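Whatever order the structure lists ligands and atoms in, that order sets their numbers, starting from 1. What you are looking at is a predicted structure, and each value in this text was computed from that prediction instead of being measured.
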Amino acid sequence: MGSAACYHLAKRGFKVLGLDQFEIPHNQGSHHGKSRMIRKAYYEHPDYVPLLIRAYELWDELQKKASEPVINRTGALYLGRAKDSVVTGSLKSAKQHQLAHRFLNNPEIKEQFTAFSVPDSFVGLFEPDGGYVRPEQGIVEHAWQASSAGAKILTNTPAQAWKANPQGVEVKTAEGTLYAKQLIISAGAWMNTVLNDLGIELTVTRQVQAWFEPETNPEKFSPENFPCWFIETDPPYGHYGFPILPGQKGLKIAGHKPGIPIPIDKIGKALEPPTQSELDALRDVLAQYIPNSAGALLKSCTCLYTNTPDQHFILGKHPEHNRVTIAGGFSGHGYKFASVIGEILADLATNGSTRHPIEFLGIERFFDDASGKGSQHAH
Ligand SMILES: Cc1cc2nc3c(=O)[nH]c(=O)nc-3n(C[C@H](O)[C@H](O)[C@H](O)COP(=O)(O)OP(=O)(O)OC[C@H]3O[C@@H](n4cnc5c(N)ncnc54)[C@H](O)[C@@H]3O)c2cc1C
């Protein structure tokens, strides 16, 4: 989110300084793992769809200038029971926003998507525009193009503290204090350092991703022949995965359900390698739903979700400081939006408002009217 904000601000001619506590990209936060699913028929809520339409336009714009592929529309297949939320919610968003889609009854899934094996109770929805974005590449391209437009980006530079007053903002680093007119904070798993003062607590969780070599016919799982997929294995949560990306040998799978909660001072623990039982659980899902896909384990790693109480993002002006804009709590589904979040953060920091419909993501939804502080429940 930070690199995209730098890109949009620099492109508009503003003087920009971006800070990250680590390298760009890195594998100690939420963005590593080579692929992130992108889709428009959003089962989570139809209100996200206008943001997704713009996110796609901006990924395509970034792609035109990029040195490596950033986005690939492989199509995406959503599978689950009609009474649960993934297929039904996706269908609702697709119809409400007139998105290209194909509803699939059970025999149609079996006929048209022969790589999958689903129970008779499952239905499906195929979205031709679905696919994946490459997260590390997206960040590098945003940061690189921001720098080319004049932004200064400092890596291995933690922000130790910040202050805002009516004249401007200050950020303290080990090298000294930086002064600016506006501050954008998008600190991923470290966002609690900002939000706790407002009475909101985000839950940081450990998430596992793994790559398996198919037992036979790897070409069957290439991006030309095999879609990105999401299966509602544990309603309203599920598992999702990707084709074998160019240059790789394995199919990636991950679970989409908040994992084990980790206190902020133990983040290193969350990033310890996956356990055998975590990997077995992923292998079992592949073996059950995508026959012959779960051969040798090639690679695995852990990554962080930063969950809000209602699993929707927090995006907007800091309620107590007009010169500070915040973006966090992406709850395991934020990366696909990074391109448009960057544009929105640039709008908010420079105009104080945005044309994008983000009211439903305002932090105020958690505030208890009486105290003005967070109540942990969305109203
Ligand atoms: C396993 C896994 C799978 C996922 N799959 C998907 C998917 O398929 N589709 C999807 O859309 N999303 C997905 N997500 C979610 C998505 O990756 C995140 O929502 C997104 O990366 C969050 O971006 P961010 O900028 O908030 O956090 P990050 O990318 O972690 O960036 C925050 C940055 O802030 C820096 N920072 C923090 N504190 C400081 C400080 N004090 N000073 C300086 N720098 C600081 C950090 O070093 C970090 O680089 C997945 C996440 C995981 C973990």
Side-chain angles (χ1 to χ4, degrees), residues 1-6 17-40 42 44 48 51-52 55 59 71 76 130-136 138-139 142-143 153-162 171-174 178 183-194 202 204-210 228-230 238-242 252-259 264 267 270-271 274 278 282 300-308 311-315 326-342 345:
M1 309 303 167
S3 61
C6 288
L17 176 64
L19 299 183
D20 201 291
Q21 62 188 341
F22 302 129
E23 292 292 336
I24 296 177
H26 60 80
N27 60 5
Q28 296 173 74
S30 302
H31 58 246
H32 59 286
K34 308 289 178 209
S35 50
R36 292 290 186 264
M37 202 162 165
I38 182 161
R39 51 199 163 85
K40 280 185 198 156
Y42 224 53
E44 289 87 342
Y48 284 99
L51 301 179
L52 286 161
W59 286 121
I71 177 167
Y132 64 86
V133 272
R134 294 175 61 208
E136 292 89 346
I139 290 170
H142 273 128
I153 297 189
L154 300 179
T155 55
N156 299 304
T157 308
Q160 298 170 336
W162 62 272
V171 173
K172 200 166 157 251
T173 71
L178 304 159
L183 175 65
I184 294 173
I185 307 179
S186 60
W190 293 265
M191 208 60 195
N192 270 333
T193 54
V194 181
L202 305 180
V204 177
T205 56
R206 166 191 164 87
Q207 308 295 143
V208 176
Q209 29 189 358
C228 291
W229 55 271
F230 188 108
H239 288 81
Y240 63 99
F242 301 83
K252 179 174 133 181
I253 175 173
H256 181 55
K257 179 180 186 173
I264 187 84
I267 278 189
L271 293 166
E278 287 171 327
L282 294 180
S300 65
C301 64
T302 45
C303 187
L304 306 170
Y305 275 10
T306 308
N307 303 282
T308 61
Q311 301 286 306
H312 296 297
F313 314 156
I314 292 176
L315 182 62
I326 50 178
F330 288 96
S331 305
H333 61 113
Y335 191 87
K336 62 181 81 60
F337 294 86
S339 56
V340 67
I341 301 281
L345 291 173

Report yes if the distance between the aromatic ring centroids of Trp59 and Tyr132 is under 6.0 Å, otherwise no.
no
Could you pull out, from [options], the option with a heavy atom nearest to [atom]?
atom                    : options                        : value
atom 34 (O) of ligand 1 : Cys228, Gly29, Ser186, Ser331  : Ser186
atom 33 (C) of ligand 1 : Ile185, Asp20, Thr302          : Asp20
atom 50 (C) of ligand 1 : Arg36, Gln28, His31            : Arg36
atom 53 (C) of ligand 1 : Ser3, Cys301, Cys303           : Cys303
atom 3 (C) of ligand 1  : Phe230, Tyr305, Phe337, Tyr240 : Tyr240

Nearest protein heavy-atom contact for [atom]: which residue, which atom, what distance?
atom                    : result
atom 24 (P) of ligand 1 : Met1 CG, 3.8 Å
atom 21 (O) of ligand 1 : Ser30 O, 3.4 Å
atom 15 (C) of ligand 1 : Gly332 C, 3.5 Å
atom 8 (O) of ligand 1  : Met37 N, 2.7 Å
atom 40 (C) of ligand 1 : Ala159 N, 3.7 Å

Under a heavy-atom criterion of less than 4.0 Å, does [X] contact ligand 1?
X      : value
Ala254 : no
Gly33  : no
Tyr132 : no

Mark up the atoms of ligand 1 that fall under 4.0 Å of a heavy atom belonging to [X], in ascending order.
X      : answer
Phe22  : 47 (O)
His26  : 46 (C), 47 (O), 48 (C), 49 (O)
Leu304 : 53 (C)
Pro158 : 42 (N), 43 (C)
Thr157 : 43 (C)
Phe330 : 19 (O), 26 (O)
Gln209 : 1 (C)
Gly188 : 26 (O), 27 (O), 32 (C)

Is there any N or O on [X] that sits under 3.5 Å from an N or O of ligand 1?
X      : answer
Tyr335 : yes
Lys336 : yes
Ala189 : no

Looking only at heavy atoms, is any part of Trp190 under 4.0 Å from ligand 1, and if so is it the side chain, the backbone, or both, or is it neither?
side chain
Under-4.0 Å heavy-atom contact with ligand 1, by part of Gln21 that carries it:
both
Could you measure the distance from the [atom1] atom of [X] to the [atom2] atom of [Y]? Nearest 0.5 Å is fine.
X      : Y      : atom1 : atom2 : answer
Asp20  : Thr155 : CG    : OG1   : 8.0 Å
Cys6   : Ile153 : SG    : CD1   : 4.5 Å
Phe330 : Met191 : CZ    : CE    : 8.0 Å

Mutual orientation of the aromatic rings belonging to His256 and Tyr240 [parallel < 30°, tilted 30-60°, perpendicular > 60°]
perpendicular
Can you name the closest pair of heavy atoms from [X] and [Y] and give their distance?
X      : Y      : value
Ala210 : Leu282 : CB-CD1, 3.9 Å
Ala327 : Leu315 : CB-CD1, 3.8 Å
Ala189 : Leu304 : CB-CD1, 3.7 Å
Cys303 : Gly29  : SG-O, 3.6 Å
Thr205 : Gln207 : OG1-OE1, 2.7 Å
Lys336 : His333 : NZ-O, 3.1 Å

Any Gln28 side-chain heavy atom under 4.5 Å of Gln21 side chain
no
Within a strict 4.5 Å, meaning less than it, do heavy atoms of the His32 and Glu136 side chains meet?
yes
Report the C-alpha distance between Leu202 and Ile314 in whole Å, list the side-chain angles of each, state the deciding distance to 0.1 Å, and finish with yes or no for side chain to side chain contact (heavy atoms under 4.5 Å, CB included).
CA-CA 10 Å; Leu202 305 180; Ile314 292 176; 4.2 Å; yes
Do Phe313 and Phe337 pass the ring pair (Phe, Tyr, Trp, His ring centres under 6.0 Å) test, and can you show the C-alpha distance, the side-chain angles, and the key distance before you say yes or no?
CA-CA 11 Å; Phe313 314 156; Phe337 294 86; 5.0 Å; yes
